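No experiment lies behind these values; they were computed from the predicted model shown. Chain naming here is simple, since letters A, B, ... match the order of the sequence lines and numbering starts at 1 in each.
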Amino acid sequence: MADEALFLLLHNEMVAGLYRAAEQGEGENGRCITKLENMGFRVGQGLIERFTKDTARFKDELDIMKFICKDFWTTVFKKQIDNLRTNHQGIYVLQDNKFRLLMQMSAGKQYLEHAPKYLAFTCGLIRGGLSNLGIKSIVTAEVSTMPACKFQVMIQKM
Amino acid sequence: MSRPSGRKQDNHKISRELFVLTYGALVAQLCKDYEKDEDVNTCLDRMGYDIGIRLIEDFLARSAVKKCRSYSETAEMIAQVAFKMYLGVTPSVSCCSAAGNEFSLILDQNPLVDFVEELPAERASLCYCNLLCGVIRGALEMVHLAAEVTFLQDKLKGDAVTEIGIIFLKKTEEKKHKRNK
């Protein structure tokens with residue numbers, strides 16, 4: 001329980017630190033989101049390995065997505081995904097109505113323009129987790145009202 | 001008969017692993033961004049400081065400890081309560097100076113380096129866990145204790161143990177609050 005505070009603070013500090021460095025350096029703003037996403041990717045890969053060591057094999061893609069929504073999300077963010085939608089053709093939308101990394105920021109539209117920075121790491125986390133389960137994907141996030149957010153996963157057929 | 005201790009235990013472990021893995025990814029990214037080890041160390045220290053000034057509030061809220069009356073009590077508090085709460089390990093404390101303001105925390109086990117085998121050859125002077133120093137320094141500053149925190153020994157660099165040194169500096173101001181009569 002105390003670990004949540006640590007991870008939250010570290011995550012926020014990472015975002016702030018990267019942007020601070022970017023300001024002082026060459027000012028390549030777009031690179032920061034990529035860096036955060038790549039960090040999340042690496043962590044997601046490692047985490048899913050530790051996590052699924054003893055679980056049963058997944059039946060299909062939908063089973064994997066459900067695992068991400070339930071067990072994975074509960075362990076990382078202490079709650080489940082509130083809504084999972086799919087078009088059964090490789091696009092999944094995960095909706096979290098009270099995303100923990102945005103909870104402290106605002107409860108509405110304030111600071112909306114800053115939200116994407118704080119979602120990049122989690123997008124990478126999902127992408128990394130799926131990648132090590134054998135699924136290549138592109139993950140994006142959108143926020144309309146904090147702290148609710150939606151993660152869109154597009155499965156890439158290899 | 002041993003049954004699996006339940007998901008709760010695993011979840012706790014994985015929660016901590018999330019933090020450790022994220023920290024590793026952060027250090028790796030900083031190593032890519034900065035050529036010199038000193039820059040990475042400074043950056044980690046600064047980030048640790050920013051985290052520490054916020055973490056102290058979380059710590060005080062969770063632990064509800066009373067005010068520490070001496071430097072050695074403070075050092076014990078850090079080792080036995082704070083480290084245990086956040087990292088799950090309890091370093092041992094020893095006092096290094098006669099004046100009673102220098103302490104060292106000796107960590108046999110450092111969870112932050114769980115997944116690190118060794119430092120790469122070109123990064124020999126990297127203080128991998130420098131974040132910890134910044135966190136302690138920031139947290140102490142928020143309770144009006146100025147301190148210098150550094151790594152004295154580091155297992156990753158070949159020393160026997162990991163040792164963090166805390167030197168309490170003289171307080172710049174002494175305020176005696178006289179509450180209403």
Side-chain angles (χ1 to χ4, degrees), chain A residues 1-22 24-26 28 31-32 34-55 70-79 100-101 104 120-122 124-125 128-129, chain B residues 4 7-30 32-34 39-40 42-63 81-88 111-112 114-115 131-132 134-135 138-139:
Chain A
M1 14 125 232
D3 303 328
E4 318 164 17
L6 263 185
F7 174 66
L8 208 63
L9 285 171
L10 180 64
H11 175 263
N12 291 347
E13 195 46 44
M14 262 169 23
V15 177
L18 271 181
Y19 273 85
R20 196 168 40 218
Q24 289 167 357
E26 305 88 54
E28 318 168 359
R31 303 270 322 158
C32 290
T34 316
K35 284 183 195 172
L36 283 165
E37 217 258 350
N38 286 336
M39 279 201 257
F41 182 76
R42 187 66 199 90
V43 176
Q45 281 184 316
L47 206 61
I48 206 86
E49 272 178 18
R50 315 281 302 168
F51 206 178
T52 54
K53 232 175 10 164
D54 300 316
T55 50
K70 291 203 197 130
D71 300 314
F72 188 72
W73 216 256
T74 311
T75 309
V76 177
F77 298 112
K78 308 291 180 287
K79 65 183 284 291
R100 291 204 68 245
L101 298 181
Q104 313 278 344
F121 184 83
T122 311
L125 203 67
Chain B
R7 294 300 286 178
K8 252 199 157 183
Q9 189 84 320
D10 294 335
N11 287 350
H12 207 60
K13 201 163 71 89
I14 294 185
S15 218
R16 181 155 296 140
E17 286 181 1
L18 171 65
F19 176 71
V20 174
L21 286 170
T22 308
Y23 184 67
L26 172 67
V27 179
Q29 183 64 46
L30 287 176
K32 269 194 231 162
D33 289 342
Y34 296 108
D39 291 337
V40 181
T42 315
C43 198
L44 283 173
D45 187 71
R46 166 112 194 242
M47 291 176 103
Y49 178 78
D50 287 337
I51 292 179
I53 57 180
R54 295 175 175 97
L55 195 67
I56 183 74
E57 290 183 22
D58 183 79
F59 172 70
L60 291 173
R62 275 183 217 272
S63 60
V81 188
F83 263 85
K84 181 96 178 83
M85 190 188 281
Y86 291 111
L87 292 177
L112 284 183
D114 266 350
F115 301 116
L131 195 95
L132 285 180
V135 173

Against chain B, label F121(A) side chain, backbone, both or neither, depending on which of its atoms sit under 4.5 Å from a heavy atom there.
side chain
Based on non-hydrogen pairs under 4.5 Å, which of L21(B), L131(B), L87(B) is most in contact with chain A?
L21(B)
How long is the straight-line distance from CE of M47(B) back to CG of N12(A), given to the nearest 0.5 Å?
10.5 Å
Would you find more than 12 non-hydrogen atoms of other residues, nucleotides or ligands less than 6.0 Å from R42(A) atom CZ?
no
Partner of T22(B) by side-chain contact (heavy atoms from CB on, under 4.5 Å), out of L6(A), L47(A), L10(A)
L10(A)
Heaviest contributor of heavy-atom pairs below 4.5 Å to chain A, chosen from L30(B), L18(B), D58(B), L26(B), is L18(B)
So what's closer than 4.5 Å to chain B heavy atoms on L18(A): side chain, backbone, both or neither?
side chain
Are more than 12 heavy atoms, taken from residues, nucleotides or ligands other than K79(A), located less than 6.0 Å from that residue's NZ atom?
yes
Ranked by heavy-atom pairs below 4.5 Å to chain A, first place among F59(B), F115(B), Y23(B) goes to F115(B)
Where do K78(A) and S15(B) come nearest, in terms of heavy atoms and distance?
NZ-OG, 3.0 Å
Quick one: which of E17(B), R54(B), K32(B) has the most heavy-atom pairs under 4.5 Å with chain A, could you say?
E17(B)
Spatial distance of atom CD (Q29(B)) from atom CE (M39(A)) [nearest 0.5 Å]:
5.0 Å
Salt bridge check: are D33(B) and R31(A) linked by an N-O gap of less than 4.0 Å?
no
